[in-house]
Amino acid sequence: MDLIDNLYAGLTKEQQQELIGLLFKKSKQTMSYFRRTKDISLSKLEVLADFFHMPLDYFRKEGAFKTTNVSGNNNSVSVGNVSVNTNLMLENDSLRREISTMKETLKAKDETLKSKDETLKSKDDLIEALRIQVGKQKCADAVE
């Protein structure tokens, strides 16, 4: 729970409100209630892991990511050798959106290239058909 408290403390007020909204949806629960329960459901743990861009194992007590050195301030939270900086999380989100946009652009370009390839094939087929027709015409003219 200390890990979650320190991660939470390192967030801006807006990010804290966003996290509370994600954790408690439409209920009236608060972080203080969350701290008192000390029993975190898997669904809430998944929300935390997604929000902080961490694997679920990061929050396990006996997991490979367990740490004892937890400290934080208004800008970042350092957990052992892992640092979660809110600016980096925002940049990460921005880069993910940019990658998504680039993937969409690449898909559109691939579709355009496929369409052009089909057009070229149609033109090649037409040219071949015309060559055959011209060849037949030449044969017919030679016979006459």
Side-chain angles (χ1 to χ4, degrees), residues 1-31 33-34 37 39-144:
M1 199 62 196
D2 288 340
L3 171 63
I4 294 168
D5 285 340
N6 284 304
L7 287 171
Y8 181 78
L11 299 173
T12 65
K13 293 291 181 196
E14 293 83 19
Q15 290 170 322
Q16 288 176 353
Q17 289 301 318
E18 179 184 356
L19 179 58
I20 288 171
L22 291 170
L23 284 171
F24 307 122
K25 304 210 173 81
K26 294 181 181 177
S27 75
K28 300 291 183 192
Q29 293 177 336
T30 63
M31 277 307 281
Y33 171 80
F34 191 61
T37 64
D39 185 24
I40 301 172
S41 67
L42 180 59
S43 63
K44 290 200 183 334
L45 194 57
E46 287 174 334
V47 169
L48 288 167
D50 287 344
F51 186 84
F52 289 108
H53 306 287
M54 302 276 189
L56 277 174
D57 283 345
Y58 183 80
F59 297 96
R60 287 179 28 182
K61 281 188 175 183
E62 303 303 322
F65 295 96
K66 182 181 179 208
T67 62
T68 54
N69 176 20
V70 178
S71 62
N73 60 30
N74 288 338
N75 237 352
S76 66
V77 178
S78 299
V79 183
N81 62 355
V82 178
S83 176
V84 179
N85 186 306
T86 54
N87 290 335
L88 290 176
M89 288 193 312
L90 292 172
E91 183 179 357
N92 188 12
D93 288 341
S94 173
L95 290 172
R96 286 178 194 270
R97 285 191 298 274
E98 186 177 343
I99 287 171
S100 178
T101 302
M102 287 181 173
K103 283 181 179 179
E104 291 172 14
T105 301
L106 184 60
K107 183 179 177 183
K109 286 183 177 184
D110 285 344
E111 290 172 2
T112 300
L113 287 173
K114 182 179 177 185
S115 174
K116 287 183 177 186
D117 286 345
E118 290 170 357
T119 301
L120 284 173
K121 171 127 178 53
S122 295
K123 287 181 178 182
D124 287 344
D125 291 345
L126 179 60
I127 289 170
E128 185 60 29
L130 290 172
R131 283 185 180 151
I132 291 170
Q133 187 178 2
V134 167
K136 285 181 181 178
Q137 186 63 40
K138 285 183 180 179
C139 286
D141 288 345
V143 171
E144 293 178 6

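Computed from a prediction, not measured in an experiment: that's the story for all the values here.
Summarising the geometry, atom CD belonging to Q133 is positioned 9.5 Å from atom CG belonging to L126; distances are rounded to the nearest 0.5 Å. One distance of note links CD of Q15 with CD of E18; it measures 7.0 Å at 0.5 Å rounding.
Counting only residues at least two apart or in different chains, salt bridge (Lys or Arg N to Asp or Glu O under 4.0 Å) contacts with residues 112-132 comprise K121-D125.
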Distance-only check: which donor-acceptor pairs under 3.5 Å involve side-chain atoms of residues 100-107, not counting sequence neighbours?
from	atom 1	to	atom 2	distance (Å)
T101	OG1	R97	O	3.0
T105	OG1	T101	O	3.0

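At least one side-chain heavy atom of L19 sits less than 4.5 Å from a side-chain heavy atom of F52.
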